[in-house]
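One structure below.
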Amino acid sequence: MSELFIYNTLTGKKEKFEPLHTGKVGMYVCGPTLYSEPHMGNLRTFINFDMIYRYLLFLGFQVKYVRNITDCGHITNSLGQEQDSIGKAAKLEQMESLEIVYKYNSKFQDIQKAYNLLRPNIEPTATAHIQEQIQIIEKIMANGYAYESNGAVYFDLEKYSKSNAYGVISGRKIEELLSESRELQGQDEKRNSVDFALWKKANPEDMQIWRSPWGEGNPGWHIECTAMSTKYLGEQFDIHGGGMDLKFPHHEDEVAQSCGAGMKNPAKYWMHANMLNVNGQKMSKSFGNFFLPFEILEGTTSIFTKPFSAPVVRFFMMMGHYRSDLDFSNDALLSAEKGYERLTEAFGKVSKLSASDSSNSKEAIAQVESNNAAAMNDDFNTSKLIAELFELATIINKIDSKDLIADQNDLKKINEIIQGYFVQVLGINFESNHSNQSQAMEHLMNLVIEIRKDSREKKDFATSDKIRDYLNQAGIELRDGNEGTSWKI
RNA sequence: GGUCGGGUGGCCGAGCGGCUAGGCAGAGGUCUGCAAAACCUCGUACAGCGGUUCGAAUCCGCUCUCGACCUCCA
């Protein structure tokens, strides 16, 4: 069995995965800010990390998976202006902040369920960890890397960068950032505009306010991740993940905060999932080119001609690699859907296959299995994994048509591969075609197929074709195979 | 403007120094009463121009082009 290699943003290389503690993995992923319903682009990141989580479990690791929920949105932009996105949404919808968060959190949970995401072990919220955040800020201040200014606390990046490396994750150079910022330096309370807020002074219109040693206010947006990842995973853990767009400044600042507080770079492996594109452009709230996870399922977005099921969408996403960008389009989804159907149809008939006493398919099956492992161990190459699963589908179809023969063990092995890699790792819960049909329907179809068989044997093709055409119109397809006729809706 | 990452056959999408990616669409074939499905075969693609090399889609340089980050963002 080959070993797992992970692309580490920190080093820009694929590295052999060696967890800090044998057999155990600590993973922290930056979750959503709940000021609106997460869109498809947000979901892609979560689905990718869900796949990563699933594969780690599949390998037998004991994984502690933490993904935060940002439920207070006090954020500053470069000009030092505050943007309380949750408060803003609350006013817009005439609701309390808590109501907004509650509303979108339950929506987010529904989405995760619909798209078959495994729940993280812990989904901590920022507002429940104000004390922890304050404590870390105090540590940073004690170490001299933060200063108070007019009721707010800022991280002193210039000072910090003199004795610490800043910008490793995003490849940013501190000198450039500082020189840019000097030109922009303005009226605000920061010494340097690259300095970021650890604690913000409250505004009268703020909906969420907490007490702190520096007066009433609310936390900056990077500190919650530092506080919560430290609390639940320790000062250093294995994997820290998030979308690419969080590399700078969010992840850089997390590292700075941890080191500034006397801890280490929190993660051994930093992983970044790429963006979801629409017409070559990143899906984003501000571009307005986004659509929602439920809209695809319902077929209510303008770029799609029809609805697509959650497993199909998930399958489509898995066809691309997590570090590549992925373009969503009608054609791409349509072709993914066709492929998905071919695959799941083949997988669905495994249980009906009859085993032979001998076998000539062992080698092919073993090849698929070892290629599967190799693909996933190579930085989670789901794209290659799916190519292998199509090979498996061909093998199954050949067994079905007696071009290959398989014994009981082969069929068992095939089933294990499907359950392991397709269902468990890729997280695609396919319904075998007839599983949701009623017994009555099954009997009825058997009867119809029997009648048609009789007429075909009497060369009464007019009748047999009539039956087939009728069923076709009703959306039921008949397929005449060596073993008799099967049907599909 | 700065930094970084892309440009692969009709479309989507892996690979990243020599060995078939795969899917969808298309062509031909096998099976079949016909059809569908399935199976087999096929197209000979790597933005352009140079260079390195026995050998490059894969490495280097230049050009064109798209995008991301530099402001909130998964």
Side-chain angles (χ1 to χ4, degrees), chain A residues 12 29-33 35 38-49 73 75-79 81 83 85 167 170-173 176-177 179-181 184 193-194 221 241-250 272-277 279-287 290 315-316 319-321 323-340 342-343 345-346 349 371 375 378 381-391 393-394 396-398 400-404 456-457 459-461 464-465 468-469 472 477-482 485-488:
Chain A
V29 173
C30 291
T33 301
Y35 63 96
H39 63 234
M40 212 58 221
N42 301 320
L43 186 60
R44 152 121 119 136
T45 297
F46 301 135
I47 286 179
N48 273 141
F49 282 102
I75 287 161
T76 10
N77 66 20
S78 66
L79 302 170
Q81 294 159 337
Q83 295 182 323
S85 42
S170 61
R172 206 110 339 182
K173 290 190 180 64
E176 288 168 10
L177 291 169
S179 66
E180 275 173 33
S181 71
L184 293 169
S193 81
V194 289
W221 78 291
M244 284 226 170
D245 50 357
L246 295 184
K247 281 186 190 176
F248 182 87
H250 186 240
H272 294 275
N274 215 134
M275 302 290 102
L276 186 67
N277 292 167
N279 296 323
Q281 196 181 39
K282 173 186 170 184
M283 176 179 288
S284 122
K285 204 115 199 159
S286 43
F287 292 154
F290 66 94
F315 177 72
F316 170 71
M319 279 173 73
H321 186 77
R323 278 193 290 120
S324 299
D325 47 23
L326 184 68
D327 221 296
F328 244 55
S329 71
N330 195 240
D331 286 351
L333 263 296
L334 241 28
S335 81
E337 185 176 53
K338 288 251 182 69
Y340 172 84
R342 209 184 112 213
L343 212 51
E345 241 176 82
K349 58 179 146 178
N371 288 350
D378 184 13
N381 195 331
T382 53
S383 190
K384 213 165 175 188
L385 171 62
I386 288 174
E388 289 302 322
L389 291 175
F390 274 105
E391 288 302 315
T394 299
I396 293 167
N397 285 327
K398 282 184 179 175
D400 187 36
S401 62
K402 310 292 180 207
D403 290 321
L404 276 177
R456 288 177 72 201
E457 278 167 0
K459 307 268 181 211
D460 178 9
F461 298 124
S464 67
D465 288 351
R468 189 173 63 196
D469 293 345
N472 240 311
E477 191 177 277
L478 289 184
R479 289 167 180 178
D480 300 326
N482 296 144
T485 302
S486 61
W487 56 281
K488 181 196 176 226

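What you see below is based on every heavy atom in this structure, not just the backbone, and it leaves out hydrogens, waters and symmetry mates. In what follows, chains are A, B, ... by sequence order, proteins preceding strands, each numbered from 1.
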Nearest 0.5 Å, please: how far is CE in A/Met40 from CE in A/Met283? 7.5 Å
Can you confirm whether A/Lys459 is buried at NZ, in the sense that more than 12 heavy atoms of other residues, nucleotides or ligands lie under 6.0 Å from that atom? no
Give A/Phe287 one of three labels, base, sugar-phosphate or nothing, depending on what nucleic acid heavy atoms sit under 4.0 Å from its own. sugar-phosphate
Side-chain N,O (A/Lys398) to OP1/OP2 (B/C40) below 4.0 Å: yes
Quote, to the nearest angstrom, the P distance that separates B/A35 from B/C49. 46 Å
Looking only at B/A74, B/C34, B/C39, the nucleotide nearest the A/Arg342 side chain is B/C39
Base, sugar-phosphate or nothing for A/Phe461? Non-hydrogen atoms, less than 4.0 Å. base
So A/Asn277, base contact, sugar-phosphate only, or nothing? Heavy-atom distance under 4.0 Å. nothing
For B/U52, the nucleotide meeting Watson-Crick or G-U wobble distances (both under 3.5 Å) is none
For A/Met244, which contact category applies under a 4.0 Å heavy-atom criterion: base, sugar-phosphate, or nothing? nothing
Using whole Å, what does the distance between atom P of nucleotide B/A74 and atom CZ of A/Phe49 come to? 13 Å
What nucleotide among B/C69, B/A14, B/G33 has an atom nearest to a side-chain atom of A/Ser464? B/G33
Nearest-0.5 Å distance, CZ of residue A/Phe248 to CG of residue A/Leu177: 4.5 Å
Without hydrogens or angle criteria, can the side chains of A/Asn397 and A/Lys349 be said to hold a donor-acceptor pair below 3.5 Å? yes
For the P atoms, the ones on B/G55 and on B/C66, what distance do you get once it is rounded to whole angstrom? 35 Å
For A/Asp480, answer base if it contacts any base atom (sugar-phosphate contacts may also be present), sugar-phosphate if it contacts only those atoms, and nothing otherwise; contact means non-hydrogen atoms under 4.0 Å. base
Among B/G33, B/C70, B/A14, which nucleotide sits nearest the side chain of A/Lys384? B/A14
Within the 4.0 Å heavy-atom criterion, would you say A/Leu343 contacts the bases, only the backbone, or no part of the nucleic acid? nothing
Nearest listed nucleotide, side chain of A/Asn42, among B/A37, B/C73, B/G33: B/C73
Set of side chain to side chain donor-acceptor pair (under 3.5 Å) partners for A/Asp469, sequence neighbours left out: none
Which part of the nucleic acid, if any, lies within reach of A/Gln281 when heavy atoms closer than 4.0 Å are counted: base, sugar-phosphate only, or nothing? sugar-phosphate
Shortest side-chain distance from A/Phe46, nucleotide among B/G67, B/C73, B/A74: B/A74
Give one of base, sugar-phosphate or nothing for A/His250, where a contact means two heavy atoms less than 4.0 Å apart. nothing
How far does the P atom of B/G5 sit from the matching atom of B/G9, given to the nearest Å? 23 Å
Looking at B/A35, does its base get a donor-acceptor pair with the side chain of A/Arg468 below 3.5 Å? yes
Spacing of the P atoms in B/U71 and B/G17 (rounded, Å): 36 Å
Between A/Lys282 and B/C73, is there a side-chain N or O to OP1/OP2 distance below 4.0 Å? no
Using 0.5 Å steps for rounding, measure from the CZ atom of A/Phe49 to the NE2 atom of A/His272. 7.5 Å
Choosing from B/G13, B/A74, B/C24, which nucleotide comes nearest the side chain of A/Leu326? B/G13
Distance check needed: B/C19 P versus A/Asn371 CG, whole Å only. 17 Å
Identity of whatever pairs with B/U44 - Watson-Crick or G-U, under 3.5 angstrom: none
Rounded distance (nearest 0.5 Å) linking atom OG of A/Ser335 with atom CE of A/Met319: 5.5 Å
Tell me which nucleotide, if any, is Watson-Crick or G-U wobble paired with B/G10 when both distances must be under 3.5 Å. B/C24
Determine, step by step, whether A/Met244 and A/Lys282 satisfy the side chain to side chain contact (heavy atoms under 4.5 Å, CB included) criterion, reporting the C-alpha distance in whole Å, the side-chain angles of both residues, the deciding distance to 0.1 Å, and the verdict. CA-CA 11 Å; A/Met244 284 226 170; A/Lys282 173 186 170 184; over 6 Å; no
For A/Asn381 and B/A14, is the shortest distance between a side-chain N/O and OP1 or OP2 below 4.0 Å? no
Most 5' of A/Asp403 and A/Gly243 on RNA chain B, judged by nearest nucleotide: A/Asp403
For B/C31, which nucleotide is its Watson-Crick or G-U wobble mate, given both distances must be under 3.5 Å? none
Closest approach to the side chain of A/Leu177, judged atom by atom: which nucleotide of B/G67, B/C70, B/A74 is it? B/C70
Base-pairing mate for B/C16 - Watson-Crick or G-U, with both contacts under 3.5 Å: none
Between the base of B/G33 and the side chain of A/Asp465, is there a donor-acceptor distance below 3.5 Å? yes
Quickly work out the A/Leu385 CG to B/G23 C1' distance and round it to whole Å. 14 Å
Which nucleotide in the list B/A21, B/C39, B/A74 gets nearest to the side chain of A/Leu246? B/A74
Contact class for A/Gly242 (heavy atom, under 4.0 Å): base, sugar-phosphate, or nothing? sugar-phosphate
For A/Gly280 and A/Phe248, find the nucleotide of RNA chain B closest to each by heavy atoms; which residue's nucleotide sits nearer the 5' end? A/Gly280
Starting at atom CE of A/Met275, determine the distance to atom P of B/C4, rounded to an integer number of angstrom. 19 Å
When you measure from the side chain of A/Ala387, which nucleotide among B/G22, B/C24, B/A68 comes out closest? B/G22
May I have the distance from A/Glu388 (atom CD) to B/U20 (atom P), rounded to whole angstrom? 13 Å
Phosphate oxygens OP1/OP2 of B/A14: is one of them under 4.0 Å from a side-chain N or O of A/Ser324? yes
Counting Watson-Crick and G-U wobble pairs only, both distances under 3.5 Å, name the nucleotide matched with B/U3, or none. B/A68
What's the closest nucleotide to the A/Arg456 side chain, out of B/G33, B/G22, B/A74? B/G33
More than 12 heavy atoms of other groups within 6.0 Å of A/Lys384 NZ: no
